[in-house]
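Working notes, structure below.
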Amino acid sequence: MKNIYSNIYSFSKKTLKKTVKSLKQGNLVGLPTETVYGLAGNAYSNHAVKKIFKLKKRPKRNPLIVHYCNLNDAQRDVLLNKNFFKLYKKFCPGPLTFVLKKAVNSKLNPLVTANLNTVAIRFPKHKATKLILKSINFPLAMPSANLSSRLSPVQALDVLEDFQNNLKIIIDGGKSKIGIESTVVDLTGYPKILRPGLVSSVEIKKVLGVNLSKKKSKIKSPGMLKKHYSPGIPIIMGRKPKNQEDAFIVFGKKYKKNKHYFNLSKNADLKEAGSNLYKIMRKIKNKGYKRIFVEKIPNKDLGLAINDRLSRASK
Ligand code: TXA
Ligand code: MG
């Protein structure tokens, strides 16, 4: 069924067919996942992958995550190892991305991995996207569906905001449940978290039975260091605003109602805060505020990922 926007579709057998056809033709589509919405294209196609970088205005040296529906498909392109299987069993499908060595016979387009010999792979959980992956015989390269360095989208309308009519199909799969990008863990050597997310280092450590590396290794994905996740206005962390023209992001019960205050979670629940983060930043930006101040958020569990995104956005 068509939404009032001509390129936003709710998920049905008919839209599944339409989406699969479009992907097979080398087009890009906007898809829901449990973390954030993605901009998806055939990871084996030079044409499709090129279009992803172009449309997002993404630097070519920042590699993309490749999404699979099952292990069999993934092992055509990457070398799966012991640590991978342990984590896969516990967390997949779900919000965890693995960096692994690329298989010699991999058909992945070299642009996907920015010519690295490693690949980031993920098994998304959202029903619609899983069904789409099941219906095609290639994996999907799928970065978050936002212009490079901007806020990640957590609903179909956010995708529309950045790409307008440049995307012919955006599947509306409701609000992303988690609302923050997947944890990225490098398993090519000693396990190391490259990007924090809902699956925490404590949980990963427990499953693997080893401490995670804290070494500042050679930068493996340069894109991760750059300014990112930005609403396009300055963000000042750990401070209260001085005047009434600023927005203030708060957390927990202690603040009274104030129209310039935006509470990530009145219950001081970090998961709820994570799922509200991008929605609230987008709201503040669209209301025309010039600056965002952010109260200190506890730096544990999902708070680590929230602070990571906020501090990158404030660069
Ligand atoms: O939750 C998510 O992961 C979402 C949804 C759509 O799946 N996708 C996402 O993709 O966040 P993107 O492109 O916005 O972020 C991918 C991250 C980047 O930080 C990139 O540098 C890193 O993964 N990455 C990709 N390939 C890599 C590789 N071979 N080695 C190290 N890092 C890699
Ligand atoms: Mg992104």
Side-chain angles (χ1 to χ4, degrees), residues 1-25 27-43 48 52 64-77 84 87-98 120-146 152-160 163 167-184 197-199 203 271-272 274-279 302 305:
M1 196 181 72
K2 263 194 182 181
N3 200 292
I4 50 165
Y5 299 98
S6 61
N7 50 355
I8 296 185
Y9 296 85
S10 50
F11 195 62
S12 66
K13 268 193 190 146
K14 206 170 151 197
T15 50
L16 169 68
K17 226 172 140 186
K18 191 175 162 76
T19 308
V20 165
K21 186 174 167 203
S22 186
L23 284 166
K24 282 183 178 165
Q25 286 168 343
N27 298 316
L28 308 185
V29 301
L31 297 183
T33 89
E34 68 281 16
T35 56
V36 298
Y37 274 67
L39 178 65
N42 180 351
I52 293 179
L64 309 175
I65 299 176
V66 185
H67 297 66
Y68 293 90
C69 111
N70 62 44
L71 283 179
N72 269 344
D73 291 349
Q75 66 189 2
R76 292 191 202 135
D77 294 319
F84 165 82
L87 293 171
Y88 177 86
K89 221 169 136 191
K90 175 90 181 164
F91 298 112
C92 294
L96 183 58
T97 294
F98 310 90
I121 68 163
R122 181 162 111 75
F123 303 85
K125 196 173 184 175
H126 195 288
K127 220 170 106 192
T129 297
K130 244 168 58 180
L131 263 172
I132 290 166
L133 279 167
K134 221 172 150 180
S135 314
I136 51 183
N137 55 2
F138 48 83
L140 291 175
M142 182 157 64
S144 50
N146 52 277
S152 296
V154 293
Q155 54 174 353
L157 278 175
D158 299 345
V159 181
L160 188 74
F163 297 116
L167 276 180
K168 296 285 169 278
I169 300 174
I170 301 169
I171 298 295
D172 183 354
K175 190 176 172 291
S176 293
K177 280 210 175 87
I178 297 168
I180 220 159
E181 304 81 357
S182 62
T183 306
V184 180
L198 182 66
V199 178
E203 287 175 285
K271 269 195 190 168
E272 185 185 25
S275 75
N276 281 330
L277 181 70
Y278 290 127
K279 193 177 80 184
L302 196 62

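- We find the CZ-SG distance between Phe98 and Cys92 to be 3.5 Å, quoted to the nearest 0.5 Å.
- The only option from Thr15, Leu16, Thr19 that meets the side-chain contact (heavy atoms from CB on, under 4.5 Å) definition with Tyr9 turns out to be Thr15.
- Using bins of under 30°, 30° to 60° and over 60° for the plane-to-plane angle, the ring pair Tyr68/Phe123 lands in the tilted bin.
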Taking only distance into account, with no hydrogens and no angle test, what donor-acceptor pairs under 3.5 Å do side-chain atoms of residues 173-180 form with protein atoms, sequence neighbours excluded?
unit_1 : atom_1 : unit_2 : atom_2 : d
Lys175 : NZ     : Ser275 : O      : 3.0
Ser176 : OG     : Thr33  : O      : 3.1

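- Side-chain atoms of Asp172 do not come within 3.5 Å of backbone N or O of Ile8 as any donor-acceptor pair.
- Here the closest non-hydrogen pair linking Leu198 and Lys271 is CD1-CE, 3.8 Å.
- Atoms CG and SG, from Leu133 and Cys69 in turn, are 6.0 Å apart once rounded to the nearest 0.5 Å.
- The side chain to side chain donor-acceptor pair (under 3.5 Å) search around Asn42 returns none, not counting sequence neighbours.
- Residues Gly38 and Met142 come closest through the heavy atom pair CA-CG, 3.4 Å.
- Neither side chain, Ser182 nor Thr35, offers a donor N or O lying under 3.5 Å from an acceptor on the other.
- At a threshold of 4.5 Å between non-hydrogen side-chain atoms, the residues Ile171 and Val29 do not count as touching.
- Atoms CG and CG, from Leu167 and Leu28 in turn, are 6.5 Å apart once rounded to the nearest 0.5 Å.
- For the atom pair OG1 (Thr129) and CZ (Phe11), the distance works out to 7.5 Å, reported to the nearest 0.5 Å.
- Two residues are said to be in side-chain contact when any heavy atoms from C-beta on lie closer than 4.5 Å; Pro139 and Ile121 fail this criterion.
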* Please step through side chain to side chain donor-acceptor pair (under 3.5 Å) for the pair Glu181 and Ser152, ending with a clear verdict. => CA-CA 8 Å; Glu181 304 81 357; Ser152 296; 2.4 Å; yes
